[in-house]
2 protein chains.
Amino acid sequence: MNPFLDPELSPDVSARTDTQPNRLEGQLSDPLRDPAPMFDLIELLFFAYRDFVGDADRILETYRFGRAHHRVVHFVTRQPGLTIAELLDILRITKQSLGRVLKELLDEGFVESRAGVNDRRQRHLYPTAEGRRLAMDLAQLQSERFAHALEGLPCEARGHMIQFFLAMIDPSDRAHVSALVWPEGSAQQRPAR
Amino acid sequence: MNPFLDPELSPDVSARTDTQPNRLEGQLSDPLRDPAPMFDLIELLFFAYRDFVGDADRILETYRFGRAHHRVVHFVTRQPGLTIAELLDILRITKQSLGRVLKELLDEGFVESRAGVNDRRQRHLYPTAEGRRLAMDLAQLQSERFAHALEGLPCEARGHMIQFFLAMIDPSDRAHVSALVWPEGSAQQRPAR
DNA sequence: TGAAATATGTCAACAAAGCTGTCGTAATTA
DNA sequence: TAATTACGACAGCTTTGTTGACATATTTCA
């Protein structure tokens with residue numbers, strides 16, 4: 001129990017100098033084939049993403065909504081008329097999980113559901129005026145954070161970000177995500193190539 | 001109930017053409033002071049982060065650990081000897097939440113806790129060999145995703161990413177995060193300026 | 001036309017990981 | 001000596017994910 005009784009592990013109790021996690025000594029590793037992890041990017045992405053979603057969280061709280069509600073109202077606003085199945089495909093959650101938050105958004109008048117005309121089993125989802133306003137407010141807030149972050153960077157950096165994030169996404173999903181982010185006829189700048 | 005009975009909301013049921021969420025008509029907005037939200041970055045960051053953590057999730061599953069365990073073993077590996085209070089400050093969760101996952105990591109031999117020598121109330125946390133190996137494996141995996149994503153970009157892009165993520169973090173936390181990411185004496189390249 | 005497949009909705013139970021509130025104990029500080 | 005601090009633990013609650021089972025309406029196919 002007493003950790004002092006175990007001589008096996010690093011004895012430098014006071015050592016906050018041992019702060020760069022050296023590769024396990026005695027464990028050979030070729031630094032060319034197995035380069036040092038990018039701790040900087042890993043940690044910065046963690047903290048950046050936390051503050052990025054934190055922006056939205058504060059507003060959502062006033063509606064008694066959570067992040068799950070945000071995602072739904074966001075994608076419904078971005079793609080008005082999308083079906084339950086399409087939304088499930090985007091969010092990659094079960095219909096039971098979606099059903100819970102969607103019910104609340106429907107009940108509180110942020111989203112509307114209509115039976116399809118072609119296939120009347122389907123439900124097409126639309127934002128209400130209030131739902132669209134909420135989604136846009138949240139997107140605006142998050143965009144401001146992006147804008148501030150881009151300010152100090154050269155103008156080509158934004159394109160680099162887009163390319164970088166796209167390349168971070170699993171290759172099998174890239175086409176799906178691209179189609180969602182840059183819908184047909186969108187005037188938005190797609191990444192070059 | 002029947003959505004067709006409500007004539008108030010947009011009637012274009014079949015309209016998947018209405019895919020760019022126009023600003024609410026009749027609601028004036030100055031596009032200079034209130035520019036269009038950066039949907040592209042918002043959504044790409046969402047999907048990129050999902051796949052980024054998804055890498056780790058698959059490995060963690062085999063240990064029956066979750067993301068919370070990952071964070072703890074990561075920061076303990078990065079900063080061996082950090083105290084409970086310091087870890088709580090990094091993670092911004094309650095000690096009860098931390099206590100749960102930390103207990104499991106201690107019980108299963110991924111982290112070690114030792115009373116401080118200066119202040120014996122404190123507990124200093126250290127990774128065991130196994131804990132360090134897990135943390136490094138996970139960091140390696142996530143770094144590979146970063147490396148692939150950076151491949152197609154000019155070499156200055158990596159510095160841009162670092163600057164960008166740092167600027168995304170709340171200003172009040174930037175110093176804390178910087179100190180954590182680039183500890184004293186770290187040879188890592190800090191962002192210029 | 002009748003059977004099978006599909007799109008959605010719903011109930012119940014469970015898990016991970018947050019949270020609040022409370023209390024106890026040891027160690028330090030004033 | 002008294003107050004404060006650092007940590008540990010118990011109890012109960014919330015959000016958001018999960019499985020599994022089953023119902024209902026609609027469409028498709030043989």
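Owing to the predicted nature of the structure, the values given are computational and were not obtained by experimental measurement. Each chain gets a letter, A, B and so on, in the order the sequences are listed, and its residues count up from 1.
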Want to settle it: does B:Q122 or A:V101 sit nearer the 5' end of DNA chain D, counting the closest nucleotide to each?
-> B:Q122
Return the value, rounded to whole Å, for the distance between atom CG of A:D89 and atom P of C:dT8.
-> 12 Å
Taking atom CG of A:D107 as the centre, does the number of heavy atoms from other residues, nucleotides or ligands within less than 6.0 Å exceed 12?
-> yes
Over 12 foreign heavy atoms within 6.0 Å of CZ, B:R120 = no
Presence of B:T94 side-chain N/O under 4.0 Å of C:dC19 phosphate oxygens OP1/OP2 = yes
Let me know the distance between CG of B:L106 and C1' of D:dC7, rounded to the nearest Å.
-> 13 Å
Rounded to whole Å, CG of A:D107 lies from P of C:dG9 at a distance of 12 Å
Its contact letters, B for base, S for sugar-phosphate only and - for none at protein heavy atoms under 4.0 Å, make nucleotides 23-30 of chain C read ----BS--
Output yes when B:D137 and B:R132 qualify as a salt bridge under the 4.0 Å nitrogen-oxygen rule, no when they do not.
-> no
Ring centres of A:F47 and B:F165 under 6.0 Å apart?
-> no
Measure from the side-chain N and O atoms of B:S178 to the backbone N and O of B:R174, and report whether any donor-acceptor pair falls under 3.5 Å.
-> yes
What's the CG-C1' distance between A:L102 and C:dT8, to the nearest Å?
-> 11 Å
Lys/Arg N to Asp/Glu carboxylate O, A:D40 vs B:R158, below 4.0 Å | yes
Which of residues 49-61 of chain B have a heavy atom under 4.0 Å from DNA chain C?
-> none
In whole angstroms, how far is the P atom of D:dT14 from the CD atom of A:E104?
-> 13 Å
A:R133 CZ to A:Q140 CD distance, which is reported to the nearest 0.5 Å | 13.5 Å
Can you sort out which residues in residues 64-76 of chain A have a heavy atom within less than 4.0 Å of DNA chain D? Ascending by number, please.
-> A:G66, A:R67, A:A68, A:H69, A:R71
Do the side-chain N and O atoms of B:H160 and A:E156 include a donor-acceptor pair separated by under 3.5 angstrom?
-> no
Counting heavy atoms from C-beta on, name the nucleotide in C:dC19, C:dT8, D:dG20 closest to the side chain of A:T83.
-> C:dT8
Nearest whole angstrom, please: distance from the P of C:dA17 to the CG of B:L105.
-> 10 Å
Taken to the nearest whole Å, CG/B:L98 to P/C:dA16 is 17 Å
Side chain B:Q96 and base D:dG12 donor-acceptor under 3.5 Å | no
Pi-cation contact, B:Y126 with B:R114 (under 6.0 Å, within 45°) = yes
Which whole-number value in Å describes the distance from A:L88 CG to D:dT16 C1'?
-> 14 Å
Tell me, with the steps shown, if B:E104 and B:R64 meet salt bridge (Lys or Arg N to Asp or Glu O under 4.0 Å).
-> CA-CA 10 Å; B:E104 293 172 352; B:R64 302 206 171 171; over 6 Å; no
Note: B:D173-B:R92 ion pair, threshold 4.0 Å (strictly below) = yes
Return yes if some donor-acceptor pair links the side-chain N/O of A:D170 with the main-chain N/O of A:S172 below 3.5 Å, else return no.
-> no
B:R123 has a side chain; which of D:dT18, C:dT8, D:dC7 sits nearest to it?
-> D:dC7
